[in-house]
Amino acid sequence: MSIPEKSKEFVTSLERGLSVIQVFDHSKKKLSLSDVAKYTDLSRATARRFLFTLKVLGYVESDGKLFWLSPKVLQLGYSYLASQPIVEIVQPIIEKVSQETGESCSVAVIDGAEIVYIARYMTHHIMSVNLGVGTRLPAFATSMGRVLLSYKSLEEQIQAIGTPPEEKFTPYTQTDQKILLDTLTEVRRQGFSIVNQELELGLRSIAVPIMDQRNQVIAAMNISTQASRTSESALMDNVLPSLLRASRLVQERLPM
């Protein structure tokens, strides 16, 4: 994230403290002081102070050698969920969509170049990745991501797409920026996005936008299915109408 001229209002110490929390992930569950300093580009002394403070506040635990996040960190994420009316509104609606279609249904918002799941109802497990609330996926290779990006400005789209990785997720992953931008134009025109095995082999999904009362896109809703048993035409004929009805229902129930 760019910081305009390092504004005097910007608190660098808070930025660094958050970077310490964010360094922990699936592949870095427990880290030493040296690891934290290396991954955050902080000095050992600075990293030590932040870890000590986070430990006192209850966000980090330690055995004296290694550090790891405590469950209290979840409060940060759930504060967001609790503050967003859409989260409570969509849950019963996506459950109904799943019952109608027999497929898993999810809702996500966009955060930079990634989508973040804020609601999900799973009928069966079809991905190698265990998706849940808080899961992040690359926007350019997902149906919900393309829907959300399609309503951004060209500049925002280019920034979000960036330079896609040379190593594709699957042989079908589209990484050409021009083609992706053209795809986003088409997604905006037609009002939905279908992604066919670009994120994971065997996975096909369709997504639609969710608008607020001012007709501004605030989220996306999708259905994921197995490509071997559901064709793109079947998604459009049998699943898309259910998603569109659900999207309109969410919009009607959102507060002004």
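In what follows, every heavy atom counts, from backbone to side chain, and hydrogens, waters and symmetry copies are set aside. We number each residue from 1, following the sequence as shown. A quick note: this is a predicted structure, and the numbers were derived from the prediction, not measured.
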What donor-acceptor contacts under 3.5 angstrom involve side-chain atoms of residues 47-57, with partners at least two apart or in another chain?
unit_1: R49; atom_1: NH2; unit_2: T46; atom_2: OG1; d: 3.4
unit_1: T53; atom_1: OG1; unit_2: R49; atom_2: O; d: 2.9

Side chain [X], main chain [Y], donor-acceptor under 3.5 Å:
{"X": "E61", "Y": "L69", "value": "no"}
{"X": "Q251", "Y": "I210", "value": "no"}
{"X": "S247", "Y": "L244", "value": "no"}
{"X": "D25", "Y": "K28", "value": "yes"}
{"X": "E198", "Y": "F169", "value": "no"}
{"X": "S62", "Y": "L66", "value": "yes"}
{"X": "T135", "Y": "G132", "value": "yes"}
{"X": "T230", "Y": "A227", "value": "no"}
{"X": "S205", "Y": "I223", "value": "no"}

| task | Walk me through it: do K96 and L249 pass the test side chain to side chain contact (heavy atoms under 4.5 Å, CB included)? | result | CA-CA 12 Å; K96 183 178 180 181; L249 184 57; 5.9 Å; no
Kindly indicate whether the side chain of [X], heavy atoms from C-beta on, has any atom under 4.5 Å from the side chain of [Y].
{"X": "V208", "Y": "L240", "value": "yes"}
{"X": "V73", "Y": "Y59", "value": "yes"}
{"X": "L201", "Y": "P171", "value": "yes"}
{"X": "T142", "Y": "V195", "value": "no"}
{"X": "P255", "Y": "Q213", "value": "no"}
{"X": "I86", "Y": "L254", "value": "yes"}
{"X": "L184", "Y": "I161", "value": "yes"}
{"X": "M122", "Y": "L131", "value": "no"}

| field | Qualifying residue for side-chain contact (heavy atoms from CB on, under 4.5 Å) with E103, from V97, N222, T225 | value | T225
So if you build clusters from Ile, Leu, Val, Met, Phe, Trp, Tyr with side-chain heavy-atom gaps below 4.5 Å, do [X] and [Y] land together?
{"X": "I218", "Y": "I89", "value": "yes"}
{"X": "V36", "Y": "W68", "value": "no"}
{"X": "V109", "Y": "Y78", "value": "yes"}
{"X": "F10", "Y": "L18", "value": "no"}
{"X": "V239", "Y": "V187", "value": "no"}

| request: Would you please test I21 and L76 for side chain to side chain contact (heavy atoms under 4.5 Å, CB included) and show each step? | output: CA-CA 11 Å; I21 291 177; L76 302 177; 4.3 Å; yes
For the residue pair [Y] / [X], report whether a side-chain donor-acceptor contact shorter than 3.5 Å exists.
{"X": "T185", "Y": "D182", "result": "no"}
{"X": "T170", "Y": "Q197", "result": "no"}
{"X": "T175", "Y": "T173", "result": "no"}

Shortest non-hydrogen contact between [X] and [Y], atoms and distance:
{"X": "Q157", "Y": "K152", "value": "NE2-O, 3.3 Å"}
{"X": "V107", "Y": "A219", "value": "CG1-CB, 4.0 Å"}
{"X": "L42", "Y": "S19", "value": "CD1-OG, 4.4 Å"}
{"X": "K72", "Y": "G58", "value": "CB-O, 3.4 Å"}
{"X": "D176", "Y": "Q174", "value": "N-OE1, 3.0 Å"}
{"X": "F192", "Y": "V147", "value": "C-CG2, 4.3 Å"}

| request: Could you give me the CA-CA distance, side-chain angles and deciding distance for R253 and V250, then say whether side chain to side chain contact (heavy atoms under 4.5 Å, CB included) is met? | output: CA-CA 5 Å; R253 294 185 180 180; V250 173; over 6 Å; no
First locate atom [atom1] of [X], then atom [atom2] of [Y], and finally report the distance between them rounded to the nearest 0.5 Å.
{"X": "Q216", "Y": "Y151", "atom1": "CD", "atom2": "OH", "result": "10.5 Å"}
{"X": "K38", "Y": "T40", "atom1": "NZ", "atom2": "OG1", "result": "11.0 Å"}
{"X": "L235", "Y": "L243", "atom1": "CG", "atom2": "CG", "result": "9.0 Å"}
{"X": "S32", "Y": "K65", "atom1": "OG", "atom2": "NZ", "result": "8.0 Å"}
{"X": "M221", "Y": "S143", "atom1": "CE", "atom2": "OG", "result": "12.0 Å"}
{"X": "K30", "Y": "F24", "atom1": "NZ", "atom2": "CZ", "result": "11.0 Å"}

| note | Tracing side-chain contacts under 4.5 Å among Ile, Leu, Val, Met, Phe, Trp and Tyr outward from I179 reaches none
| Worked verdict on S104 versus R120 for side chain to side chain contact (heavy atoms under 4.5 Å, CB included) | CA-CA 8 Å; S104 298; R120 180 163 167 79; 4.0 Å; yes
| task | Go through the steps to decide whether E186 and R146 satisfy the test salt bridge (Lys or Arg N to Asp or Glu O under 4.0 Å), and finish with yes or no. | result | CA-CA 10 Å; E186 178 64 13; R146 289 183 182 177; over 6 Å; no
